[in-house]
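Down below is the structure, laid out as structure tokens.
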Protein chains: 2
Amino acid sequence: MASNSNNPMTEAEDRFVTAWGQMGSAWGISRTMAEVHALLYITGDALCTDDIMARLEISRGNASMSLRALVDWGIVLRTHKRGDRKEYFVAEQDIWTMARAIVRERLKREVEPLIASLHEIRDVSTKSGADSEAIEAHNARIENLVAIFELIELLVQRFVSPSGEGLEAAAMLLQPSGQRGSEREGDGAGEDRP
Amino acid sequence: MASNSNNPMTEAEDRFVTAWGQMGSAWGISRTMAEVHALLYITGDALCTDDIMARLEISRGNASMSLRALVDWGIVLRTHKRGDRKEYFVAEQDIWTMARAIVRERLKREVEPLIASLHEIRDVSTKSGADSEAIEAHNARIENLVAIFELIELLVQRFVSPSGEGLEAAAMLLQPSGQRGSEREGDGAGEDRP
DNA sequence: GGTTGTTTTCAGAAAATACTGAAAACCGTG
DNA sequence: CACGGTTTTCAGTATTTTCTGAAAACAACC
């Protein structure tokens with residue numbers, strides 16, 4: 001991060017960028033990609049590649065690739081400003097939309113392939129015909145995994161993916177009593193700057 | 001993986017080890033650690049360090065560290081065999097217990113620190129006193145994140161962590177109609193063979 | 001306390017990942 | 001279709017992460 005201005009605003013942003021970057025890398029997302037997202041989200045502005053390069057002190061190539069990935073993930077959008085040839089990028093500002101996109105994407109990229117593998121494995125060990133006690137046990141374990149991951153897939157699809165509502169409702173529903181204070185998460189972040 | 005025996009059982013195991021290892025690394029867990037876990041889970045046996053080294057073709061140091069980490073995560077247990085000085089390791093076989101341990105641990109390691117950071121950031125930007133429109137918007141975004149992550153924390157704690165039941169029930173509850181075929185996930189993995 | 005079998009640690013090596021920068025591709029314009 | 005501004009690509013390099021192996025620490029035993 002470039003800025004060392006003692007502006008508390010900027011400091012808060014930098015801190016957030018760092019924290020989000022760390023979280024990202026703990027979950028198998030490249031630190032920089034997470035940082036770019038953090039920057040776009042926390043500023044809420046439409047930034048161009050050069051803005052991002054400057055603020056994060058990264059190369060053009062890196063910025064370009066990270067942005068493309070974020071766009072693929074569906075949590076950052078391309079925009080333009082009239083009379084300006086450059087491309088600008090904005091982060092999806094609604095938190096729930098963002099959460100949905102992330103979860104949906106990870107499901108698709110990592111869970112679904114796993115389920116596919118489990119199916120194949122099941123076939124391999126089932127087809128073998130033999131059935132000692134050990135093989136039975138093995139098959140049972142695979143079945144269990146298939147079951148749990150298919151369940152996860154189903155839940156995610158129902159609550160995160162399709163129509164739109166879902167997670168919020170579920171969350172509310174599952175969380176009966178008080179306990180939360182000041183927020184207003186319904187509409188999510190809002191602020192659609194022009 | 002060492003074994004290239006054309007034994008279909010072994011092949012299925014190897015495939016599972018590979019698939020689980022990949023999934024692990026996609027989620028920020030070292031591939032080897034996930035593979036060790038996969039091996040212990042899928043065989044269901046109590047294996048000693050040398051077994052694991054041999055089967056996975058890894059060094060003693062690596063095996064030792066991975067095992068320790070798995071034990072820390074609470075998804076692998078140390079055992080002993082009478083008259084044998086070596087330590088043996090078994091994977092938790094109940095899938096729900098395992099899932100709970102994993103989620104609980106990740107919450108603790110990655111979500112809680114993030115929430116802490118968000119709180120600090122909130123303080124930084126709130127304390128600054130100023131309140132232009134931009135700052136308001138910034139604060140609102142941080143609030144939203146705090147809200148969503150605290151909600152996640154709460155849900156996870158309620159459904160995954162403490163007493164024991166929870167996820168299963170929730171899962172069932174949230175999944176009203178038919179649609180799933182052959183499995184029997186109710187009791188969870190079960191199979192405590194003697 | 002010495003011996004032996006076993007596990008842990010950790011500095012350095014190897015492998016995997018991410019990043020850079022410059023060249024190539026793109027693209028609207030004149 | 002040549003030109004300036006802009007984005008993408010990718011070979012090479014740098015950084016980070018993971019792994020190894022041998023030495024040190026343990027621990028049961030005699």
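All chains are named by letter (A, B, ...) in the order of the sequence lines, taking the proteins before the strands, and each is independently numbered beginning at 1.
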**Message:** Checking A/Glu150 against A/His119: is there a side-chain donor and acceptor pair closer than 3.5 Å?
**Reply:** yes
Rounded interatomic separation in angstrom, taking [atom1] from [X] and [atom2] from [N]:
X       : N      : atom1 : atom2 : value
A/Ile52 : D/dT6  : CD1   : C1'   : 14 Å
A/Asp51 : D/dT6  : CG    : C1'   : 14 Å
A/Met53 : C/dC19 : CE    : P     : 14 Å
B/Glu57 : D/dC19 : CD    : P     : 14 Å
B/Gln22 : C/dA16 : CD    : P     : 13 Å

side-chain hydrogen bond (donor to acceptor under 3.5 Å, both in side chains) with [X]: which residues, sequence neighbours excluded?
X       : value
B/Glu87 : B/Arg78
B/Arg31 : B/Ser25
A/Arg68 : none

**Message:** Please pick, from D/dT17, D/dT20, D/dT18, the nucleotide with the shortest atom-to-atom distance to any side-chain atom of A/Arg31.
**Reply:** D/dT17
**Asked** Does B/Phe89 have any ring-ring contact (aromatic ring centres under 6.0 Å, His included) partners at least two apart in sequence or in another chain, and if so, which?
**Response**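 Expected list: none.
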**Asked** Which pairs with one or both residues in residues 111-121 of chain A pass salt bridge (Lys or Arg N to Asp or Glu O under 4.0 Å), sequence neighbours excluded?
**Response**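 Counting only pairs at least two positions apart or across chains, the salt bridge (Lys or Arg N to Asp or Glu O under 4.0 Å) contacts touching residues 111-121 of chain A are A/Glu120-B/Arg15.
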**Prompt:** Taking only N and O in the side chain of B/Ser25, is any of them less than 4.0 Å away from OP1 or OP2 of D/dT17?
**Reply:**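 For D/dT17, OP1/OP2 do not have a side-chain N/O of B/Ser25 under 4.0 Å.
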Every protein N/O within reach of nucleotides 5-11 of chain C N/O, cut-off under 3.5 Å:
{"unit_1": "C/dT7", "atom_1": "OP1", "unit_2": "B/Glu87", "atom_2": "N", "d": "2.8"}
{"unit_1": "C/dT8", "atom_1": "OP2", "unit_2": "B/Ser64", "atom_2": "OG", "d": "3.3"}
{"unit_1": "C/dT9", "atom_1": "OP1", "unit_2": "B/Arg68", "atom_2": "NH2", "d": "3.0"}
{"unit_1": "C/dT9", "atom_1": "OP2", "unit_2": "B/Arg68", "atom_2": "NH2", "d": "2.3"}

